Amino acid sequence: MINLANISKGKWIVTSAWPYVNATPHLGNLIGSTLSADVFARFLRMKGEEVVFVSGSDSHGTPISVEAKRLKVPAEDLAFKYHKIIKDLHEKWQISFDNYTITHNPTHIEYVKNMYLDIQKNGYISEKEIESLYCENDNLFLPDRFVEGTCPHCKDDGARGDQCDKCQKILTPVELIRPRCAICENTPVIRKTKHWYLDLPKLQDRLNKLIDENEIIPTNARQMCLNSIAEGLPERAITRDLEWGIPAPFEGAENKTIYVWFEAVLGYITAVKEWADKLINKSDKFDYFWKDPNTKTVYFIGKDNIIFHLIVFPGLLMAYNEDKKGSDKLVLPYNVSSTEFLMYENEKFSKSRGIGIWIDDALKLAPLDYWRFSLIFNRPETSDTSFLWSEFENNIKTLNDNIGNFIHRTLTFIEKQFNSKVPEKIEYDEIDKKFIEKVNNISPDVGESLLNFKLRKAIRDIVNFGKEGNIFLNEKAPWHLIKKDKKAAGHVFNICAQAVYALAILLSPFIPETSEKILSYLNAPKLTESSWDSINENFIKAGQSIKKPIPLFQKLEIEEIKKEYKELKEKKPKEGEKELISYDDFQKLDIRVALVEKVEKIPKADKLYKLTVSLGTEKRTIVAGLAEYYKADELAGKKITILANLEPRKLRGILSEGMLLAADYEDTVSILVPDKDIPAGANVK
RNA sequence: AGCGGGGUGGGCUAGCCUGGUUUAUGCCGCAGGGCUCAUAACCCUGAGAUCGUUCGUUCAAAUCGAACCCCCGCUACCA
């Protein structure tokens with residue numbers, strides 16, 4: 001546990017996972033990375049710590065180059081266009097980045113190249129001329145998984161280029177007996193190609209130590225990493241035969257780029273550099289943060305990124321640091337706060353299926369602070385958590401009825417009964433003392449939770465504090481006191497005003513807009529001039545005038561919002577609308593009725609059936625992903641429709657000679673069957 | 001199939017690392033009561049859980065260990 005008292009003023013680099021430039025983030029992306037990081041960064045700033053908070057768009061992925069080709073525009077233009085959209089969205093969510101950049105920037109590209117040259121100089125990059133399989137038909141080097149063949153160990157014919165599923169042995173593609181291209185089934189030829197590898201095995205003991213000794217890494221991350229280190233880390237290729245990306249700086253690697261994952265993580269370094277050089281024009285601030293061994297670097301990510309942040313990234317830092325003097329070393333990670341996943345009503349967020357809420361739509365449905373509050377309130381810290389509309393409604397009810405109501409009843413009472421001036425305090429009685437103690441202790445308590453990355457506990461403690469305020473008011477019943485003893489009633493509201501101030505400060509990392517509002521009602525200094533530690537029983541002075549308050553929150557009409565959400569979603573599919581095709585195009589499809597003769601479950605594949613179907617004159621084998629939706633005997637004997645002239649493709653070692661047609665909507669999958677009895681082989685048009 | 005996470009009252013959830021201080025926490029919902037300053041908000045009381053199952057360790061297990069069942073995710077794969 002980290003105790004507040006032990007923390008002196010320090011330097012922090014706070015970062016969050018880099019959103020892919022080609023997709024609008026959804027609520028799950030946001031809560032795992034940027035929003036959590038923002039709360040943490042805002043808290044540290046309130047504590048008076050020195051903080052630089054950076055992230056950016058990950059621009060060098062394949063999807064963007066594919067789309068750019070399709071639209072016939074430069075990948076760069078497309079990346080910047082999307083980057084701007086994502087950047088604006090994060091501003092709308094009030095994510096307080098010091099620098100939100102993009103990996104396609106000169107600072108990053110230069111730094112990455114130099115860093116890899118240093119890593120190479122330090123002996124952590126091996127160059128391997130490997131014999132790789134090249135498909136002359138498809139004109140490309142085949143990645144491991146695109147090669148199939150016979151396993152040299154167990155002689156199973158379904159082995160893939162990286163592993164044999166049957167005997168679980170790790171393979172390389174050239175080991176395979178009788179290899180074939182998974183795309184076209186042709187036999188590939190062996191060609192020599194060079195790749196550059198990061199020597200993780202050489203680093204694994206040090207990495208193990210780093211992770212093992214760090215007590216605050218969440219258990220999900222720690223388990224996963226220690227486990228994979230124990231299994232032995234492989235050397236990993238850092239170059240790819242792709243065009244879009246950062247050119248590999250190694251001699252002889254002219255046509256290769258650095259694999260996105262191996263450069264995006266370095267953005268944490270370069271984004272700070274860019275910030276120092278270009279945004280604040282103090283280049284020395286880069287070393288000041290990154291090269292001080294006492295700087296604490298914190299990475300907020302979803303669990304899918306754990307390995308790259310706790311193994312690859314620190315590995316790169318260690319390799320780079322090797323020949324550097326103490327004052328020139330980049331600091332190793334202090335913590336990686338990895339969340340589990342956010343689900344949407346118990347389902348996975350899915351762009352293609354339209355399941356979930358995206359961060360642009362969310363803001364059309366409810367005010368920003370409602371989302372920020374609710375997402376943190378249900379942050380998936382220890383297990384996957386669902387976004388449920390009912391919980392959202394519930395959370396906002398809590399925010400409104402506890403915190404909002406306590407603040408409002410305090411402020412309106414002062415406004416109406418004390419002419420908008422905070423009244424004087426008199427002697428504390430026992431009830432007062434109990435509550436005052438809570439006021440004095442709340443900021444260290446919440447601060448400790450935050451420093452231990454327990455954001456969810458922190459916000460829940462604040463809600464609880466609001467409830468205590470309401471209990472205090474009810475116990476004291478100043479609305480009775482005021483009839484006999486106005487001073488006694490005023491005393492109560494002096495104390496409550498302190499609590500209202502406390503709430504404004506406590507809520508500031510979570511819902512900054514609301515915090516500002518509360519401070520303005522109290523005529524207290526703005527957030528930028530306030531401090532986390534300013535909360536105490538005497539901060540708000542008697543006699544200070546306040547403004548007439550307007551309720552901070554409203555309850556949600558959840559049914560209305562759900563309706564709007566549905567409307568938004570129905571408009572959406574435009575993006576995915578398919579272009580018009582000609583009748584000729586359609587004619588290319590050979591769709592036919594087929595009779596299912598035999599249905600077999602494919603071993604080691606949860607979703608697949610092997611169907612033997614008859615097209616009247618010929619028999620075909622078709623692999624279909626229906627096992628979750630149909631029982632084998634429900635399919636046997638049925639007439640179905642298939643696309644008969646689809647390129648054959650191997651699935652789980654079985655050649656599928658066509659595609660079964662089925663309608664798919666949310667959870668329902670329905671095979672398409674002819675309405676009347678019609679012979680197998682009949683054409684569909 | 002491999003890896004990771006999880007199963008706690010009707011719903012959501014805390015506690016689990018560091019066994020006893022919990023008659024298992026809190027919120028919503030439900031039943032009853034109180035208050036009327038406040039956005040019908042607030043406060044109090046009550047009902048409701050053999051803490052997935054079984055075995056084991058222990059004076060003591062929701063908490064530690066084993067096995068099993070189920071759920072979720074990642075990877076494979078879903079033509």
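Values in this document were obtained by computation on a predicted structure and should not be read as measured data. Proteins get letters first, then strands, A, B, ... in listed order; numbering begins at 1 in each.
Under the side-chain contact (heavy atoms from CB on, under 4.5 Å) criterion, A:Lys457 pairs with A:Ser449, A:Lys454, A:Asp461, sequence neighbours left out. Partners of A:Phe418 according to the ring-ring contact (aromatic ring centres under 6.0 Å, His included) rule, which considers only residues two or more places apart in sequence or in another chain, do not exist here. Not a single salt bridge (charged side-chain N to carboxylate O under 4.0 Å, His left out) links A:Arg409 to another residue, sequence neighbours left out. With sequence neighbours excluded, the residues that form a side chain to side chain donor-acceptor pair (under 3.5 Å) with A:Ser374 are A:Asn395. Evaluation of the salt bridge (charged side-chain N to carboxylate O under 4.0 Å, His left out) rule for A:Lys517 yields no partner, not counting sequence neighbours. Residues satisfying the salt bridge (charged side-chain N to carboxylate O under 4.0 Å, His left out) criterion with A:Lys639, sequence neighbours excluded, are A:Asp677. Residues satisfying the salt bridge (charged side-chain N to carboxylate O under 4.0 Å, His left out) criterion with A:Glu393, sequence neighbours excluded, are absent altogether. With sequence neighbours excluded, the residues that form a ring-ring contact (aromatic ring centres under 6.0 Å, His included) with A:Phe377 are A:Phe373.
Between B:G33 and B:U25, the distance separating the two C1' atoms is 24 Å to the nearest Å. Distance noted for atom C1' between B:C72 and B:G9: 23 Å (whole Å). One P atom belongs to B:G52, the other to B:A31, and the distance between them is 29 Å to the nearest Å. Nucleotides B:A62 and B:U54 have their C1' atoms positioned 16 Å apart, rounded to a whole Å. If you take atom P in B:G7 and the same atom in B:C12, they sit 12 Å apart, rounded to whole Å. Nucleotides B:U63 and B:U23 place their P atoms 16 Å apart, quoted to the nearest Å. Between B:C28 and B:C42, the two P atoms lie 8 Å apart (nearest whole Å). B:G19 sits 6 Å from B:A61 when the C1' atoms are compared, rounded to a whole Å.
Picking from B:U13, B:C74, B:A41 the nucleotide with the shortest atom distance to the side chain of A:Asp401 gives B:A41. Nearest nucleotide to the A:Leu388 side chain, out of B:A14, B:C74, B:C12: B:C12. When each of B:G6, B:G4, B:A41 is scored by its nearest atom to the side-chain atoms of A:Lys303, the top-ranked nucleotide is B:G4.
Comparing A:Ser390 and A:Asp384, the nucleotide of RNA chain B nearest to each residue sits closer to the 5' end for A:Ser390.
Scanning RNA chain B for stems, defined as runs of 3 or more consecutive Watson-Crick or G-U wobble pairs whose donor-acceptor distances all fall under 3.5 Å, gives the following ranges: B:1-7 with B:69-75, B:10-12 with B:26-28, B:30-34 with B:42-46, B:52-56 with B:64-68.
For a distance-only test at 3.5 Å, the side chain of A:Asn405 fails to qualify as a donor-acceptor partner of the base of B:U39.
Between A:Arg456 and B:A14 there is a side-chain polar atom (N or O) within less than 4.0 angstrom of OP1 or OP2. The side chain of A:Lys348 places an N or O atom within less than 4.0 Å of a non-bridging phosphate oxygen (OP1 or OP2) of B:C74. In this structure, A:Lys555 does not reach the B:U39 phosphate: none of its side-chain N or O atoms is under 4.0 Å from OP1 or OP2.
For the pair A:Glu468 and A:Lys438, the salt-bridge criterion is met [side-chain N within less than 4.0 Å of a carboxylate O]. Salt bridge annotation for A:Glu560-A:Lys562: absent, with no cationic side-chain nitrogen under 4.0 angstrom from a carboxylate oxygen.
For the pair A:Ile229 CD1 and B:G4 C1', the computed distance is 15 Å after rounding to whole Å. With rounding to whole Å, A:Asp590 atom CG is found 19 Å from B:A79 atom P. Here the C1' atom of nucleotide B:G5 and the CD atom of A:Glu381 are 14 Å apart, to the nearest Å. Atoms CZ (A:Phe377) and C1' (B:A14) sit 11 Å apart, rounded to a whole Å. One interatomic measurement links the two molecules: CD of A:Glu468 to C1' of B:C42, which rounds to 14 Å at whole-angstrom precision. Between A:Leu342 atom CG and B:C74 atom P the separation is 13 Å, expressed in whole Å. As a whole-Å value, the separation of A:Glu347 CD from B:C72 P is 10 Å. Straight-line distance from the NE2 atom of A:His491 to the P atom of B:C37: 20 Å, rounded to whole Å.
Within the nucleic acid shown, A:Pro478 has no heavy atom closer than 4.0 Å to any nucleic acid atom. When heavy atoms are screened at a 4.0 angstrom cut-off, A:Leu552 is found touching base atoms of the nucleic acid. Here A:Val463 lies out of heavy-atom contact (under 4.0 Å) with every strand. In this structure, A:Ser386 reaches neither bases nor backbone, as no heavy-atom distance under 4.0 Å exists between it and the strands shown. In this structure, A:Asn400 reaches the bases: a heavy-atom distance under 4.0 Å links it to at least one base atom across the strands shown.
A:Asn494 and A:Gln498 share a donor-acceptor pair across their side chains, judged by distance under 3.5 Å alone. Residues A:Arg379 and A:Ser36 have side chains that bring a donor and an acceptor to within less than 3.5 angstrom of each other.
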Quiz item: Can you give one letter per nucleotide of nucleotides 25-36 of chain B, 5' to 3': B if a protein heavy atom sits under 4.0 Å from the base, S if only from the sugar-phosphate, - if neither?
Solution: --SSS----BSS
Less than 3.5 Å apart, which donor and acceptor atoms pair up between the side chains of residues 479-489 of chain A and the rest of the protein, not counting sequence neighbours?
unit_1, atom_1, unit_2, atom_2, d
A:Asp485, OD1, A:Lys487, N, 3.3
A:Asp485, OD1, A:Ala488, N, 3.2
A:Lys486, NZ, A:Gln417, O, 2.9

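Of all the residues in residues 406-415 of chain A, A:His408, A:Arg409, A:Thr412, A:Phe413 reach under 4.0 Å from RNA chain B with at least one non-hydrogen atom.
Atoms CD1 and CZ, on A:Ile357 and A:Phe387 in that order, are 4.0 Å from each other to the nearest 0.5 Å.
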